[in-house]
2 protein chains.
Amino acid sequence: MKRAEKIFIDYLRENGLKVTKERLMLLDELFNTEEHLDADSLLFRMRSQKRRVSRATVYRTLDLLVQCGLARKMRLGKENYVYEKVVPGRSHHHMICTVTGKIMEFWDSEVDDRLRQLCQEKGFRPTYFSISVYGLSQDADGER
Amino acid sequence: MKRAEKIFIDYLRENGLKVTKERLMLLDELFNTEEHLDADSLLFRMRSQKRRVSRATVYRTLDLLVQCGLARKMRLGKENYVYEKVVPGRSHHHMICTVTGKIMEFWDSEVDDRLRQLCQEKGFRPTYFSISVYGLSQDADGER
DNA sequence: GTAAGTGCAAAGTGTTTGCATGGAA
DNA sequence: TTCCATGCAAACACTTTGCACTTAC
């Protein structure tokens, strides 16, 4: 069994919740994509594989995945929420191209360390940092 | 006339738009508050001063203010958009307390410089950085 | 006088919820 | 057999839009 699946199942059992095929299918789908997904894209991906779930279940399951730490829920400048799997040791930030919509991930310990230091100076206890850099990716230049 | 008002009026004239009392009142109100406002709070502040405008006009005017660079539109983890005035030389990021909802501003050239450098390495041309640090502010500790 | 702005209410959007039915434990 | 989960549709919260009337220019 995959690591994430174990975490999810343990979480469900510990909380008196049920392990359903819908929940496992959604977990699987989220972890099989590298991209950031919104609820609708996830729903569409499920349907294109004939793994039928309702939109409500998608939202409810994504919530659970966030609660047990397997997913992250964000807004990246769009109107809707996007979700991404959480992989330990793979924390990262985003560069978002305002022309193509493309999202690049990056991470840098120097930035994170400095932010942590600033928090300490202000007496703020950080849970997590969300950095979104908006601008133009290389491939967008031609399209302007 | 205040700097922001001049910018706004110039922008309107240049674009064949009209300078209305509603638009000026809203600009004034936004620039008279230090906080981040959502459309409804702004509407409420206007009403409490008997400066009557409709909700639609609030949204439409905030849009204009964003377009002419006098306001910034963001999501800070909440469901709705918040707006803040843009004051030159006062760019900043946010620390958001997940318990009290309190928002602190901060700015640090070291972080910004490092981010700019990272962008350059990736061939990304940044327009702006949005950093949201979520966590607990000092006054939230007692409430847990 | 004319084009643009306003307020209102209706329509949109993305997300959440109530309820009857279905399914895991 | 007992709750919990699901699917559906209705409800929601916030934002945008169409339209008749008003106002800046």
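Since we're looking at a predicted model, the values are computed, not measured. Quick note on labels: first sequence line is chain A, next is B, and so on, each numbered from 1.
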Requested in this report: State yes or no: do A/Met74 and A/Val86 share one hydrophobic cluster built from I, L, V, M, F, W and Y residues joined by side-chain heavy-atom distances below 4.5 Å, directly or via other members?
Outcome: no
Query raised in the report: Any ring-ring contact (aromatic ring centres under 6.0 Å, His included) pairs touching residues 3-35 of chain B, not counting sequence neighbours?
Result: none
Query raised in the report: Do B/Glu14 and B/Cys68 come within less than 4.5 Å of each other through their side chains, counting heavy atoms only?
Result: no
Query raised in the report: For the helix from C/dG1-D/dC25 to C/dA25-D/dT1, what angle lies between the axis at the first five pairs and the axis at the last five pairs, to 10 degrees?
Result: 30°
Can you tell me how far [atom2] of [N] sits from [atom1] of [X], to the nearest Å?
X       : N      : atom1 : atom2 : answer
B/Asp38 : D/dT15 : CG    : P     : 7 Å
A/Arg75 : D/dC14 : CZ    : P     : 11 Å
B/Arg55 : D/dT15 : CZ    : C1'   : 10 Å
A/Arg23 : D/dC4  : CZ    : P     : 11 Å

Query raised in the report: Should the pair A/His94 and A/His92 be assigned to parallel (<30°), tilted (30 to 60°) or perpendicular (>60°) ring geometry?
Result: perpendicular
Report task. Test the B/Arg75-B/Tyr81 pair against the cation-pi criterion, namely NZ or CZ under 6.0 angstrom from the six-membered ring centroid and within 45° of the ring axis. Result -> yes
Query - Side-chain (A/Arg23) to main-chain (A/Lys18) donor-acceptor, under 3.5 angstrom - result: yes
Requested in this report: Check DNA chain C against residues 40-54 of chain B and give the residues with a non-hydrogen atom under 4.0 Å, in numerical order.
Outcome: B/Arg52, B/Val53, B/Ser54
Query raised in the report: What residues in residues 63-71 of chain A put a non-hydrogen atom under 4.0 Å from any atom of DNA chain C?
Result: none
Query raised in the report: Reading nucleotides 17-25 of chain D 5' to 3', which nucleotides get B (base under 4.0 Å from a protein heavy atom), which S (sugar-phosphate only), which -?
Result: BB----BBS
Output all residues satisfying salt bridge (charged side-chain N to carboxylate O under 4.0 Å, His left out) with [X], sequence neighbours left out; order by chain, then residue number.
X       : answer
B/Glu34 : B/Lys85
B/Arg45 : B/Glu29
B/Lys73 : none
B/Arg55 : B/Asp40

Drop me the distance from [X]'s [atom1] to [Y]'s [atom2], to the nearest 0.5 angstrom.
X       : Y       : atom1 : atom2 : result
A/Leu62 : A/Thr57 : CG    : OG1   : 10.5 Å
B/Asp28 : B/Lys21 : CG    : NZ    : 14.5 Å
B/Ile9  : B/Leu24 : CD1   : CG    : 5.0 Å

Query raised in the report: Can you give the first and last nucleotides of DNA chain C, 5' to 3', that have an atom under 4.0 Å from a heavy atom of chain A?
Result: C/dG14 to C/dA25
Query raised in the report: For A/Met104, which fellow cluster members are found when Ile, Leu, Val, Met, Phe, Trp and Tyr are connected by side-chain heavy-atom distances below 4.5 angstrom, either directly or through intermediates?
Result: A/Met95, A/Phe106, A/Val111, A/Leu115, A/Leu118, A/Phe124, A/Phe129, A/Ile131, A/Val133, B/Met95, B/Met104, B/Phe106, B/Val111, B/Leu115, B/Leu118, B/Phe124, B/Phe129, B/Ile131, B/Val133
Report summary line: Residues at least two apart in sequence or cross-chain that pass side-chain contact (heavy atoms from CB on, under 4.5 Å) with B/Arg52, listed by chain then number, are B/Arg47
